[in-house]
Amino acid sequence: MIFNIFYILLLACAFWCAIMISRADFRRRIIPDAYLFPLMILGLVIVVFFPWVCDIRSAVIGAAFGYGLAALVGATFDKIQRNRDASAPSPIGMGDIKLMAVGGIWLGATGLSLALVFACVFGGMWGVIKKQKFIPFAPFFLLGGILSLIIMRFLI
């Protein structure tokens with residue numbers, strides 16, 4: 001009984017962190033570490049004590065995969081943009097890269113790839129509908145992560 005209450009409180013705190021990260025990315029185009037690191041620690045606690053989506057090994061592999069993939073994509077886009085305009089800001093920041101690592105902790109490599117697909121589809125649709133050049137990554141990735149958690153928990 002106490003573990004269920006503790007588990008629900010951890011998920012509520014994680015949901016609050018996700019909302020604050022999404023708000024900050026929409027408003028200021030930044031993902032604050034003040035919400036990102038608690039989300040990472042909550043993910044580690046849940047993976048260790050409540051391994052209902054992935055185990056510790058999958059979480060470590062997912063975190064390394066997410067960080068490496070995001071860093072590679074960020075470096076590639078940065079190189080392409082710097083060739084066009086040397087004074088342009090980087091299209092992918094370190095907050096996005098750390099967020100991918102946190103997603104890997106929560107979801108493992110399989111869930112991370114599913115969340116990334118959802119994020120790209122939803123973000124692309126939002127960008128086309130709103131006709132914007134800047135598409136915040138965090139809200140769509142977190143939405144994809146939540147959908148991935150639901151799919152992995154109940155359908156797979």
Side-chain angles (χ1 to χ4, degrees), residues 10-47 52-54 58-156:
L10 288 175
L11 287 180
C13 290
F15 188 69
W16 180 79
C17 287
I19 289 172
M20 298 308 288
I21 287 170
S22 296
R23 281 182 55 203
D25 199 18
F26 261 122
R27 290 182 178 173
R28 298 178 305 187
R29 298 177 65 174
I30 191 168
I31 299 173
D33 290 341
Y35 304 119
L36 193 60
F37 288 147
L39 188 62
M40 177 187 64
I41 291 171
L42 289 169
L44 288 172
V45 168
I46 285 178
V47 165
W52 57 278
V53 173
C54 65
S58 297
V60 170
I61 292 170
F65 176 70
Y67 191 88
L69 179 67
L72 180 68
V73 169
T76 304
F77 282 149
D78 191 43
K79 179 72 173 163
I80 291 170
Q81 186 151 351
R82 297 268 184 230
N83 286 341
R84 290 184 186 164
D85 184 11
S87 64
S90 179
I92 296 177
M94 280 303 295
D96 296 323
I97 294 171
K98 289 183 276 190
L99 182 65
M100 287 283 289
V102 170
I105 290 172
W106 276 85
L107 304 168
T110 305
L112 180 67
S113 60
L114 188 59
L116 191 57
V117 168
F118 283 137
C120 291
V121 169
F122 293 146
M125 288 178 7
W126 185 82
V128 168
I129 291 170
K130 295 288 186 175
K131 295 181 177 78
Q132 294 203 353
K133 290 182 180 179
F134 168 71
I135 300 172
F137 177 69
F140 300 109
F141 180 72
L142 292 169
L143 177 64
I146 291 169
L147 289 175
S148 179
L149 279 174
I150 292 169
I151 287 171
M152 289 179 61
R153 174 68 176 139
F154 295 111
L155 297 180
I156 295 179

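Index from 1, following the sequence.
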For this session: Hey, could you give me the CZ/CG distance between F154 and L149, rounded to the nearest 0.5 Å?
Result: 10.0 Å
Exercise. Is atom CZ of F77 surrounded by more than 12 heavy atoms (other residues, nucleotides or ligands) closer than 6.0 Å?
Worked result: no
Exercise. Do L69 and L116 have side-chain heavy atoms sitting under 4.5 Å apart?
Worked result: yes
For this session: Kindly give the heavy-atom pair with the smallest separation between G111 and S148, and that separation in Å.
Result: O-OG, 2.9 Å
Exercise. Would you say K130 and I135 make side-chain contact, with heavy atoms under 4.5 Å?
Worked result: no
Exercise. Going from CG on L36 to CD1 on I30, what distance comes out if it is rounded to the nearest 0.5 angstrom?
Worked result: 11.0 Å
For this session: Calculate, to the nearest 0.5 Å, the distance between atoms CG and CD1 belonging to L99 and I92 respectively.
Result: 12.0 Å
Exercise. Where does the angle between the aromatic ring planes of Y35 and W16 fall among parallel (under 30°), tilted (30 to 60°) and perpendicular (over 60°)?
Worked result: perpendicular
Problem set entry | Closest approach of L112 to G62 (non-hydrogen atoms, all atoms of both residues) | CD2-O, 3.6 Å
For this session: Please step through side chain to side chain contact (heavy atoms under 4.5 Å, CB included) for the pair V102 and K98, ending with a clear verdict.
Result: CA-CA 6 Å; V102 170; K98 289 183 276 190; 5.5 Å; no
Exercise. Are the side chain of W106 and the backbone N or O of L39 linked by a donor-acceptor pair below 3.5 Å?
Worked result: yes
Exercise. Does the side chain of L114 reach to within under 4.5 Å of the side chain of L107, using non-hydrogen atoms?
Worked result: no
For this session: For residues D96 and M100, determine if any side-chain heavy atom of one lies less than 4.5 Å from a side-chain heavy atom of the other.
Result: no
For this session: Would you give the length of the straight line joining atom CD1 of I41 to atom SG of C17, rounded to the nearest 0.5 angstrom?
Result: 9.5 Å
Exercise. Do I31 and F137 touch side chain to side chain, with heavy atoms closer than 4.5 Å?
Worked result: no
Exercise. Do the side chains of F141 and D25 get nearer than 4.5 Å, heavy atoms only?
Worked result: no
Exercise. side-chain contact (heavy atoms from CB on, under 4.5 Å) with S113: which residues, sequence neighbours excluded?
Worked result: none
Exercise. What pairs with S22 under side-chain hydrogen bond (donor to acceptor under 3.5 Å, both in side chains), at least two apart in sequence or on another chain?
Worked result: none
Exercise. Do the non-hydrogen side-chain atoms of N83 and K79 ever get within less than 4.5 Å of each other?
Worked result: yes
Problem set entry | Set of residues satisfying salt bridge (charged side-chain N to carboxylate O under 4.0 Å, His left out) with respect to R82, sequence neighbours excluded | D78
Seminar exercise, completed: Rounding to 0.5 Å, atoms CD1 (I61) and OG1 (T110) come to a distance of 9.5 Å
Exercise. CG of L142 to CZ of F122: how many Å apart, nearest 0.5 Å?
Worked result: 13.0 Å
Exercise. So, does S58 use its side chain to make a donor-acceptor pair with the main chain of G108 at under 3.5 Å?
Worked result: no
